[in-house]
Amino acid sequence: MLFRSRGPVRGRGRGRPAEAPRRGRSPPWSPAWICCWALAGCQAAWAGDLPSASSRPLPPCQEKDYHFEYTECDSSGSRWRVAIPNSAVDCSGLPDPVRGKECTFSCASGEYLEMKNQVCSKCGEGTYSLGSGIKFDEWDELPAGFSNIATFMDTVVGPSDSRPDGCNNSSWIPRGNYIESNRDDCTVSLIYAVHLKKSGYVFFEYQYVDNNIFFEFFIQNDQCQEMDTTTDKWVKLTDNGEWGSHSVMLKSGTNILYWRTTGILMGSKAVKPVLVKNITIEGVAYTSECFPCKPGTFSNKPGSFNCQVCPRNTYSEKGAKECIRCKEDSQFSEEGSSECTERPPCTTKDYFQIHTPCDEEGKTQIMYKWIEPKICREDLTDAIRLPPSGEKKDCPPCNPGFYNNGSSSCHPCPPGTFSDGTKDCRPCPAGTEPALGFEYKWWNVLPGNMKTSCFNVGNSKCDGMNGWEVAGDHIQSGAGGSDNDYLILNLHIPGFKPPTSMTGAMGSELGRITFVFETLCSADCVLYFMVDINRKSTNVVESWGGTKEKQAYTHIIFKNATFTFTWAFQRTNQGQDNRRFINDMVKIYSITATNAVDGVASSCRACALGSEQSGSSCVPCPPGHYIEKETNQCKECPPDTYLSIHQVYGKEACIPCGPGSKSNQGKKMALCTNNITDFTVKEIVAGSDDYTNLVGAFVCQSTIIPSESKGFRAALSSQSIILADTFLGVTVETTLQNINIKEDMFPVPPSQIPDVHFFYKSSTTTTSCINGRSTAVKMRCNPTKSGAGVISVPSKCPAGTCDGCTFYFLWESAEACPLCTEHDFHEIEGACKRGFQETLYVWNEPKWCIKGISLPEKKLATCETVDFWLKVGAGVGAFTAVLLVALTCYFWKKNQKLEYKYSKLVMTTNSKECELPAADSCAIMEGEDNEEEVVYSNKQSLLRKLKSLATKEKEDHFESVQLKTSRSPNI
């Protein structure tokens with residue numbers, strides 16, 4: 001059978017592993033490719049393109065005309081070695097296929113598989129091999145096979161499409177020897193897929209120093225299912241300048257590797273990126289050839305598994321066996337260089353000055369030194385020369401709390417003594433105690449509890465150099481080895497403890513550190529201030545970019561622990577081959593730490609003396625007590641005042657409580673720890689029925705990433721920031737101590753009950769909040785929000801603040817409603833049933849109160865029905881009618897008797913006065929009609945008649961009557 005290659009046949013690249021090609025080369029030989037190649041040959045033969053052997057015989061194939069490759073593994077785990085002609089080669093007589101090594105076969109490190117004899121051979125000089133692994137150590141560009149995917153995490157502020165540019169510009173950036181993560185708040189994944197024929201591992205080196213960015217590494221299979229590597233997912237933080245390592249076991253088959261970062265921006269603070277280098281993957285089937293050493297490295301021994309870096313002032317090309325030296329008088333090179341660079345003329349940027357320690361005469365010398373390594377030339381025309389050294393100047397005095405004792409060095413004052421640095425140490429007077437701490441304002445030598453260093457994430461140029469240099473009245477950043485070095489200054493303090501006289505002061509402040517600095521920059525320099533507590537992790541507290549005028553910054557200490565304060569200065573974050581920003585620097589003029597354990601004293605402060613003390617020993621005052629000036633005795637602050645955290649001497653140290661608050665008997669304020677906030681707690685004062693609100697609250701800010709968000713499997717939290725830890729007061733007014741809540745900031749309340757405002761402040765200052773942060777919490781009665789209620793922020797300020805210094809919150813809860821009283825309910829009387837009536841009590845709707853008095857129980861009372869009163873009324877009416885009839889009859893009978901007596905009396909009277917003949921009879925005879933009518937001339941009322949009858953009056957009383965008769969007047 002004859003073969004001829006008509007075009008380029010893609011085979012294996014040099015030194016590429018068979019199952020996972022390095023640098024993104026084509027996949028290995030496959031049966032499908034063999035069929036296509038054979039079919040192409042058949043079609044060409046049919047078309048007459050391949051002449052017969054008799055017409056034009058092909059030359060026999062030689063070893064240079066072909067190469068060997070393995071076929072894909074079959075189900076039994078075996079494969080064949082086949083010969084593949086190189087591109088543009090026409091020959092005949094290729095070797096026959098032979099059975100190859102088993103699929104899991106691989107060579108050791110420093111060896112490769114020689115395909116002709118199928119045996120492992122050592123790599124030659126200038127090359128290296130990982131055996132069954134691949135390595136990515138060149139990051140001038142993103143290697144083939146790697147990809148970036150960037151997304152934006154959804155937040156309560158808005159969806160990802162609310163960002164104008166999304167995260168299209170966020171990615172991992174190659175930086176030569178390493179690759180750098182994004183610096184923004186996007187989630188960016190660096191992805192690489194590899195197929196392993198046997199179990200292996202992945203190993204990489206990294207730098208991860210900023211906990212404001214989350215860094216995770218995890219693995220998925222070809223079904224996008226995450227592998228069981230949860231314990232290895234979260235990458236640990238590293239110290240500044242140190243490279244950590246991380247490795248994870250890999251299973252056979254397809255493995256998709258993810259390096260993912262998510263930045264959490266805290267205000268304007270820059271996020272320090274994650275750096276990754278030397279990614280090594282072990283577990284590929286075999287390596288057919290060795291890798292040549294990259295430029296700037298060499299390998300001088302056979303069987304090497306890595307290449308060594310060329311030292312300074314040497315260089316090498318690709319595949320070098322040794323490094324070539326530069327011309328030292330006119331050229332130079334950095335470590336790992338691929339070429340030499342001409343030395344430039346010396347300038348003022350190439351040297352610096354230092355101060356020598358004080359001598360016995362109290363003098364210091366100014367010395368000038370070239371920046372090492374020296375890369376400039378002094379023999380060129382326009383070059384400058386090093387200024388002469390040795391100029392003497394007076395030494396600055398010792399720092400406060402130190403003394404020189406007639407020697408050239410300063411020593412700390414003994415315990416119980418103090419000094420301002422210019423005089424000898426003196427004991428504190430009676431009734432006082434030393435104010436311990438450190439105050440560094442003269443910089444002739446570096447203090448004993450401070451150290452300096454230099455490091456670079458990409459090289460070791462400045463290893464062993466001093467990152468900072470003392471300069472008399474200040475300490476400044478040093479030259480370093482390159483412009484992107486980190487220049488480090490550390491201050492170690494074993495702990496903080498308030499003085500004896502301050503133990504009774506309210507508040508949680510134990511001490512503070514203050515430093516005065518300025519930056520002079522022409523590029524994107526950054527000064528970082530970092531704090532490490534108990535040697536666990538270093539956190540960035542504040543950072544300043546660009547040129548900054550001389551200013552002071554204060555950091556407050558809230559816990560007694562071992563602290564390491566770090567100042568890190570970087571001129572630029574971009575690597576530069578030449579020094580362009582050597583004159584960019586930061587100057588720190590003074591560093592002051594108060595209440596430091598093992599500190600020294602520059603002065604003494606008043607303290608309280610015990611009533612039966614011996615000597616002048618100080619005693620701590622109880623909480624809420626100040627030191628009386630006249631007697632130096634402890635005296636309790638007046639009611640509704642609290643003791644200042646900065647002053648305890650004199651009655652003026654007692655500060656009045658804010659509105660709506662009162663003294664709480666020395667309880668200390670809470671601290672911001674573990675992201676937990678203590679809410680308002682209601683307690684009943686002993687011996688009283690009144691409720692007292694004991695507010696032990698504080699406000700913290702922390703960015704939370706919820707679980708299952710963007711692939712995170714657990715809820716994560718950034719470092720907490722204290723927004724408020726000092727209670728100012730509570731009032732219904734909207735303004736207190738320059739904190740104002742605008743009316744249009746929150747919706748109008750639905751009820752007439754006024755909102756209650758709690759005001760807080762924090763003494764922690766920042767560059768943007770020079771007076772510290774403050775917080776206003778608007779408590780609003782909302783009966784529908786039970787328990788803790790709901791907290792919301794202003795719609796105009798979704799983050800709770802519009803300026804980053806004053807924070808506003810609306811807290812709606814039923815607990816904010818007033819206590820219930822008897823005016824908050826009314827009674828309802830029921831109908832009288834069976835002689836009983838119920839009275840119910842119900843709350844007024846809507847109900848705008850809580851707790852307080854309870855709703856009274858229903859009341860049951862006896863009552864009379866309507867039928868009973870009807871019966872009583874009928875009985876009374878009947879009795880009255882009978883009584884009236886009886887009285888009528890009685891008086892009628894009496895009237896008849898009275899008429900008879902009246903008529904008889906009148907007849908008798910008339911006979912005497914008129915002398916008329918006596919009548920035969922005055923009575924009415926039987927059968928006669930009474931024709932006469934008695935007419936009263938003066939009628940008496942019935943009431944008077946009844947009265948006269950009742951009293952039976954017998955005095956003479958007459959009435960004149962006119963008698964009418966039917967007789968003739970002539971009689």
inquiry  = What verdict does the side-chain hydrogen bond (donor to acceptor under 3.5 Å, both in side chains) test give for Asn583 and Ser522, after you've listed the backbone C-alpha separation in whole Å, the side-chain angles of each residue and the deciding distance to 0.1 Å?
reply    = CA-CA 9 Å; Asn583 288 335; Ser522 59; over 6 Å; no
Partner residues of Thr381 under the side-chain contact (heavy atoms from CB on, under 4.5 Å) criterion, sequence neighbours left out = none
inquiry  = Once rounded to the nearest 0.5 Å, what's the spacing between atom CD of Glu205 and atom CG of Leu275?
reply    = 11.5 Å
request  = Can you sort out the partners of Pro344 under side-chain contact (heavy atoms from CB on, under 4.5 Å), two or more places apart, ordered by chain and number?
outcome  = Phe332
request  = Only counting residues at least two apart or in another chain, list the ones meeting side-chain contact (heavy atoms from CB on, under 4.5 Å) with Gln62.
outcome  = Lys64, Asp65
request  = Applying ring-ring contact (aromatic ring centres under 6.0 Å, His included) between Phe217 and each of Tyr206, Phe204, Tyr208, report the one that passes.
outcome  = Phe204
query = Less than 4.0 Å between a side-chain N and a carboxylate O, is that true for Lys301 and Glu125?
reply = no
note = Sorted by chain and number, sequence neighbours left out, salt bridge (Lys or Arg N to Asp or Glu O under 4.0 Å) with Lys116 holds for Glu63
note = Sequence neighbours excluded, the answer for ring-ring contact (aromatic ring centres under 6.0 Å, His included) partners of Trp139 is Phe146
task = Begin with the C-alpha distance, continue with both residues' side-chain angles, and end with the deciding distance and a verdict on side-chain hydrogen bond (donor to acceptor under 3.5 Å, both in side chains) for Thr566 and Asn490.
result = CA-CA 5 Å; Thr566 302; Asn490 301 112; 2.8 Å; yes
request  = Measure from NZ or CZ of Arg571 to the centre of the six-membered ring of Phe581, then state whether that distance is under 6.0 Å and the direction lies within 45° of the axis.
outcome  = no
task = Applying salt bridge (Lys or Arg N to Asp or Glu O under 4.0 Å), name anything that partners Glu180, two or more places apart in sequence or on another chain.
result = Arg175, Arg183
query = Distance from Ile324 atom CD1 to Glu339 atom CD, nearest 0.5 Å?
reply = 12.5 Å
query = Once you round to the nearest 0.5 Å, how far does OG of Ser333 lie from CD1 of Ile375?
reply = 11.0 Å
message = I'd like to know if the side chain of Ser132 pairs up with that of Glu282 as donor and acceptor (distance under 3.5 Å, no hydrogens or angles considered).
response = yes
